[in-house]
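The first residue in the sequence is number 1, and the count goes up from there.
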Amino acid sequence: MKKFLLSSVFAVTFVALCACGDDVTEVNEIHQEGIAVLDAGLELSKQKCDAENMGEMLFVTDSAEVFFCDGKTWQTTKGADGKDGVNGLDGENGKDGVGKDGKPGEPGADGNDGDDGAGCVIVKDSAGVVTLACGEGETADTTTLFKATCGSIVFDPATHFCSEGIVREYGFIEDSRDGQKYRTVKIGAQTWMAQNLNYDPNFLPEGAEDSIVWSWCYNDSAEYCEKYGRLYTWAAAINSVALANDALNPQTCGNGVEDCTLPAVIRGVCPEGWHLPDTTEWRTLLTFVGGQDVAGKMLKSTSGWNDKSDGSSGNGVDSYGFAVLPAGYRDYGGDFNAEDGDSRFWSSIIEYSSSDVYAYFVQFDYNNSNVDMDPFHMDFAHSVRCVK
């Protein structure tokens, strides 16, 4: 028999499950980070249920029932049978006729039995989405609980991720400039944003008639910013306007500027307390997850990427919650490219050649497990991940 117990990090709030004949069972919003599974109901009596674990839930496989601890005993969420209908009343005697009694009326027919109450069961589909289904047929009320699995534990990927078979929790920050919130994750000694930056730095300089656009949503569509974050030129990523306005060390940095002396740490477009990573910080991350040759596989998200040229999956395993998405990029001609197949992140480091100045970027590709780090044209627009 397999038995999986909830760890203390899993908080469960379970409210208002009732069986009401044909009525749809009401299921309020359920917040869970995991649920234990038992193969057989006979094992239920061996599971702890007291004030310390009140509210925990168990799914029993052989009966497909969900139980919850009320602080004393395990209670089933399966609806009770409906009550039988009440028998019909006997008919009244006929009224006296002229000269003789009327005939008695016929007894009333028995009432129909009440329908069975509808309980709730947990259902997992082929895509791994776990739902709580209550009611029957077309009246079923289905509430999605989880969207990912880690061994026997199901969890919400908006707040947790699976690493080495263990469900781990993201941190969160709020950008004080626009109120947007981002997941964060600690990898080794570094703390990174676990989502691409979506701050809009486009501005209207003094005396200018039109705003200078240095960042974009993929395909100029807001839905892509919500999914992937924004794409920034290198000048926007380093916040060259702030550098130019630095009272102590003003720097004119951007496309092809050769006399730019950058500070050791560049906040750039990142939130306060965070900065644009340099190549050393990127290499520290790639080395920690196994090296540049396998970092793509280890850091890419588990879905969304194109299949490789050999037909195998281009998705990663996302072992550290870094969740690189295939956000694509914008070229200097204004065309958007490679959504579902490519993701590129700026660094703060530049390189001079005999004819131009380039900035280093880090590239993840659907067709490879490795990560490339190369200098590139500054007027392309790539994603930004900030490091603390």
Short side-chain to backbone donor-acceptor contact, W74 and Q47, under 3.5 Å: yes
Side-chain donor/acceptor of T287 to backbone N/O of R283, under 3.5 Å: yes
Any donor-acceptor N/O pair, S301 side chain to L325 backbone, under 3.5 Å: no
Side-chain donor or acceptor of W234 paired with backbone N/O of S347 under 3.5 Å: yes
Plane angle bin for F172 and Y170 - parallel if under 30°, tilted between 30 and 60°, otherwise perpendicular: perpendicular
Sole residue of Y218, W346, Y228, F336 in ring-ring contact (aromatic ring centres under 6.0 Å, His included) with H382: W346
Residue pair K300 / N368: nearest heavy atoms and the distance that separates them: NZ-O, 3.3 Å
Donor-acceptor contact below 3.5 Å, side chain D318 vs main chain T302: no
side-chain hydrogen bond (donor to acceptor under 3.5 Å, both in side chains) partner of N198, chosen from Q180, K227, E226, R230: Q180
Quiz item: cation-pi between R385 and F322, 6.0 Å / 45°: yes
Student check: side-chain heavy atoms of W274 and T184 closer than 4.5 Å: yes
Backbone N/O of F364 and side chain of S343: donor-acceptor pair under 3.5 Å: no
Donor-acceptor pair, side chain of N337 and main chain of D335, under 3.5 angstrom: yes
Closest non-hydrogen atom pair, I238 against I266: O-CG2, 3.8 Å
Qualifying residue for side chain to side chain contact (heavy atoms under 4.5 Å, CB included) with V357, from M378, E351, H377: M378
Ring pair (Phe, Tyr, Trp, His ring centres under 6.0 Å) between W282 and F345, worked out: CA-CA 10 Å; W282 274 113; F345 299 96; 5.7 Å; yes
R177 charged N/C atom sitting above Y199 aromatic ring, 6.0 Å / 45°: yes
Donor-acceptor pair, side chain of Q292 and main chain of V371, under 3.5 angstrom: yes
Sidechain-backbone polar pair: Q190 side chain, V387 backbone, donor-acceptor under 3.5 Å: no
Steps toward ring pair (Phe, Tyr, Trp, His ring centres under 6.0 Å) verdict (Y332, F380): CA-CA 5 Å; Y332 58 80; F380 274 55; 5.4 Å; yes
D278 side-chain N/O to S348 backbone N/O, donor-acceptor pair under 3.5 Å: no
Residue K186 excluded, over 12 heavy atoms near NZ under 6.0 Å: no
